[in-house]
Amino acid sequence: MRGYKILLICLCIQIFLTGYSWCQDDVLQKQVTVNQTQGPLSLFLQQLKTQNGINFSYSESTIQVEQPVSISQTTNSLQNMLQEMLNGTGIRYLVQNQVIILSKSAPGKASLYVINGYVRDSASRENLIGATIMEVNTGRGTITNNYGFFSLTLPAGDVRLVTSYVGHKSRQSSFHLHHDTTMYIAPSVPLMAEIEVTSSREKEDWESSQTGAFSMPMDELNALPALLGENDFTRTIQLLPGVHGGTEISSGLYVRGGGPDQNLVLMDGVPVYNAFHLLGFYSIFNDDAINSIRLLKSGFPARYGGRLSSVLDISIKEGNQQQWHGEGSLGLLTTKVLLEGPVNKNKTSVLVSARRSYLDFYTSLLLLASPDDTRLGYYFYDVNFKINHRFSDKDRIYFSTYVGKDKAFVEGGIDDEGTQVLTDLGILWGNRIASFRWNHLFSDNLFSNVTLSYSKYQFETTGNFLFGDQQNDFQNNQDIQYFSGIRDISIRTDWDYYIQPWYLLRFGGYATFHHFTAGALRTSGIFENEQNGNPPIESLESAVYLENDFEINSKLQMNAGLHFASFLVNQTRYFSLQPRLAVRWQLTKPLSVKASYARMAQNVHLLTNIGVGLPTDLWVPATDRVRPQLSDQWSLGLYQTLPAGFNLSLEGFYKRMQHLIEFKDGASYLDFEDEWQDLVTTGKGWSRGVELLLKRQSGKFTGWAGYTYSITDRQFAQLNQGKRFPYTFDRRHDIGLAINYKKSKKFDVGITWTYGTGNAISLPSQSYFTQGENPQEVFLYQERNQHRMRSYHRMDIGLNWHKQKKLFLRTWSLGFYNVYNRQNPFFIFPAINEDGQRIFNEFSLFPIIPSVSYKIKF
Amino acid sequence: MNKKTIHILLAMMLAFSACTDEVSVDIPEQAPLLVINSFFTADSLWQAELSSTVSTASKPGKKLIENARLVLWQNNQPVDTMIEISTGNYVSDIQPVPGKTYLITAQAEGFPSVRATGTLPEMAVDFTILSLEPAEDLPTFSDENYELQLKIESTAQEQVFFNLSMYVLQENDSMVRVDSAFLANESLIDDQDEGRGITFSASELSEEGQLEVLIQKKYLAGKQLIVFLKTISPGYYQYEVSLHEHLNTIGTPFSQPVAVYSNVVDGYGIFAGYMIAADTISID
């Protein structure tokens, strides 16, 4: 409960401060009138007092009230008038108890003013996350936060601000800075004819202290090859160094030797537990609805916690503030639509998107010829809804929700010796997510956000049976349901305090109430009514964090923080103090060296038989018997910006993981009659490697090429005789290539290629036979995962033709998955051929798969 | 809906074409080891089968070892040297004594010597058949189930292990093994009897010591059902359970392989004792 108390206190402070700041602002927002635009300062002060009731306090010995000042208009807000009037006078003001206090700036020190505001898309007015704002003369810069907000403190004088964002034209603003300034900067999207676009990510690569980060503009994703007509950014992320997908069917993420559960996947700040449709073939994220994505592999800032290996932060679009827009596409497997627009122009906007697959439609067609009434199929759908309202420049609220489900089903009827039985068997899984957020700007340099969220993931296998007689009178039923899942209710608050030009302080905390259902079987109906399996477990996870972003000098930048977390489960409480440090040292102007360290703790575990990320995998909490996972990761790298828009990075890492869990040999998620804690064993993991990345995010050719060399091991007391063994997804060599070429406004092409060392696998070296009437062959495995499958490589190509029609822009996309038809290994098993000889068979999944899709955008 | 069925359903959901190709796998050659398979009980001759492991790179098959020297030991004293009656099959006329622990050693040319220790349980846990009636349970859609109720003289708290097998005495007096049956409380997870009997521990029993076994009706074509209940050692139990899991996990990409338990030092196999009890019920 302590975590909740801290958060409630934070919330109260925020509400109190909100009221306080509104009071402070009242006097400055007051419309005031004076009689002239030029004259001595004393005249203006007198008129402001007598005609407008504004009280001033100052010392005549320090303030030269007779000096001449000027303003542009006689009626204005007090704030604007003061800023104009005091421009160049060396006099500053502050407000205390509705009184304007004038003081002289310290001699010899340049006056500092705050420029803050939001960076928004010029057309949609949507906030842009991660846009760079750079003052050319001083070299000072910043990037917008997750809500598009920025704050930059600069000395008075001429400033030249360059604002840039990937896929947008850079915008330059020059003006004389003599007072605190609020700006709404709107870089524009280039016309299709203007292919040359600029990039803003220099800050990410060599200038910031963040290691292991990658952001990708959605435009770039859309040009990359689609699988069955569906773009999926998780498949693109798998092409990055240090990241891969594990197996052919998976769009899961295995980051620097971590498991699929060790990724903190955030959708608008809310954790998502199962991010995949169709057994991992697609992610649950509809790319049309995504605003931005950002992946962190190391150097995790203190505001993030709860997972060991990566943070994947996904922001859903807010909805166009200016006009209604829509998108729709028709592919071989899915159809999706999106609609966004203003409910109240520049105040309230809404976005809704939906997607559904129709594999079940195909199977229904195939079964039309079938004599019986059996139906089988599979489908998934997902829906995103988001609405936001801007009360003022200082207050904004968001409500967003996501609902998605996968279902595989078999329905039919059986005549069981006179008893008619209607069956409905299914496997279902899906997420439900909702969040409410409130942004408030307390002052020019203090930004806050509060999030209330709900996240639920459930997996079910169901069997519904209806029993009838010869007259088809179905009166009796029996239902069987196996289910597992996790449900979270969470409150979180985050504060960004831009204290000094060189110092950004972030702080906040969260508390999450988890409810775990770790596998249970429920029967109800005429034969059985009972529930077996693991009882639900409830837990409370809470944390507070403090993150300091310093620019100590022009060469040295540092992000240092602490994340203090608590986890309460079954009367057992775990505490973890997680230090985080990231340092950048600029060697020359476009070359820097960075180092980072992060300790991470993970209080939830995923029970998975082999780690392919099946929906059957169980989320379970740390308990008094199974401790939270811990990791320590060190990174060191060189980052350089090259001519022609290229960026090059070389980063090495070493990661140590503790308290990992695995099923004991032979144990399975379906052994629900046993306590899951009896089925697992705990152990350690290590991963170390080097990653090389060359990328380009501007020009006609964009994309990247990455190479990783890494070694990943595991060690469990009760597996492999306690000896260390290679992780199943240990990938020694990994190459990822993604290239976009925008030939013209009408045509672009994307090519990806991936290569990876084959997965580690256990293969029998010897066998023997049992005794008895029916001898069975027993295989002997010397060491776990001591063999390798063949290497994996695959090329995909996507071609897009665009044409601006009268009412909409249409795009035809042609895609080829596995274009040179590589039979990539999925798994290997021993068998005996027709001649009685021992062989090993290799099972491969997907040959070349062409696809076509049609998309419109208006 | 057992484990394999769910895996098959998951695999079907891939719904795309796939193919299987033979591949060459470079598996280092390893020295073969001896395998002892010997289950012993009271009032019976010792019998042991001696074979060796075979590389998976060579032709599969049971490789029996002849001309080996198998010795039985009790209290660190040799009690008999077993005689080979056919290739790889060795017997001794020493009768195992309930409650006693025995050691077997085997030596064969070209192999490291192996040894194993096994204990014969004190006694067979007694049981009676209470009933054999049509099961009031979910139809299996193709076969009707019969429910066999047993009363076993043990409690769920005891560390006792069992292996249950059943035979039907047919009209022509031949015996046919019931090779597909399962415990009622396991019916949704594992078909336990795959030709090796149903292996379970006393924890499966009800508080009254009762056990329900489901048998498909088609297996009950005959005069009598004869039930054998072996009281087995912990090693025997571990061997059977791990063997069952081992066979279940071969050829599936969704689980790691399971090693089969062995109590043979420097080799493989099992050397375990059991005591057996039987009861019979007429099939109506």
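Below, read A as the first sequence line, B as the second, and so on, with proteins coming before strands; counting in each chain starts at 1.
Looking only at atom types and distance, the side chain of B/Thr199 has a donor-acceptor partner in the side chain of B/Asn163 under 3.5 Å away.
Using a 4.5 Å cut-off between heavy atoms, A/Glu777 contacts chain B through both its backbone and its side chain. Heavy atoms of B/Val35 lying under 4.5 Å from chain A belong exclusively to its side chain. Residue A/Phe840 touches chain B through both its backbone and its side chain, counting heavy-atom pairs closer than 4.5 Å. Residue contact with chain B, scored on non-hydrogen atoms closer than 4.5 Å, involves the backbone and the side chain of A/Phe769 alike. There is no contact between B/Ser242 and chain A, counting heavy-atom distances below 4.5 Å. Interface remark: A/Pro825 contributes no atoms to any contact with chain B (heavy atom separation under 4.5 Å). Contact annotation for B/Ile270: neither backbone nor side-chain heavy atoms come within less than 4.5 Å of a heavy atom of chain A.
Using a 4.5 Å cut-off on side-chain heavy atoms (C-beta onward), B/Phe39 and B/Tyr274 make contact.
Residues satisfying the ring pair (Phe, Tyr, Trp, His ring centres under 6.0 Å) test with A/Phe779, not counting sequence neighbours, are none.
Under the 30°/60° scheme for interplanar angles, the aromatic rings of A/Phe380 and A/His277 are found to lie parallel. The aromatic rings of B/Tyr167 and B/Phe228 lie perpendicular to each other, with more than 60° between the two planes, well past the 30° mark.
Ranked by heavy-atom pairs under 4.5 Å with chain B, the first of A/Ile828, A/Ile761, A/Leu763, A/Leu780 is A/Leu780. No other option in B/Ser58, B/Ser55, B/Pro28, B/Pro60 has as many heavy-atom pairs under 4.5 Å with chain A as B/Pro60. Heavy-atom pairs under 4.5 Å with chain B were tallied for A/Gly377, A/Pro775, A/Ser762; the largest tally goes to A/Ser762.
No more than 12 heavy atoms of other residues, nucleotides or ligands sit less than 6.0 Å from atom CG of B/Asp26.
Under the 4.0 Å criterion applied to side-chain N and carboxylate O atoms, A/Glu842 and A/Arg790 are assigned as salt-bridge partners.
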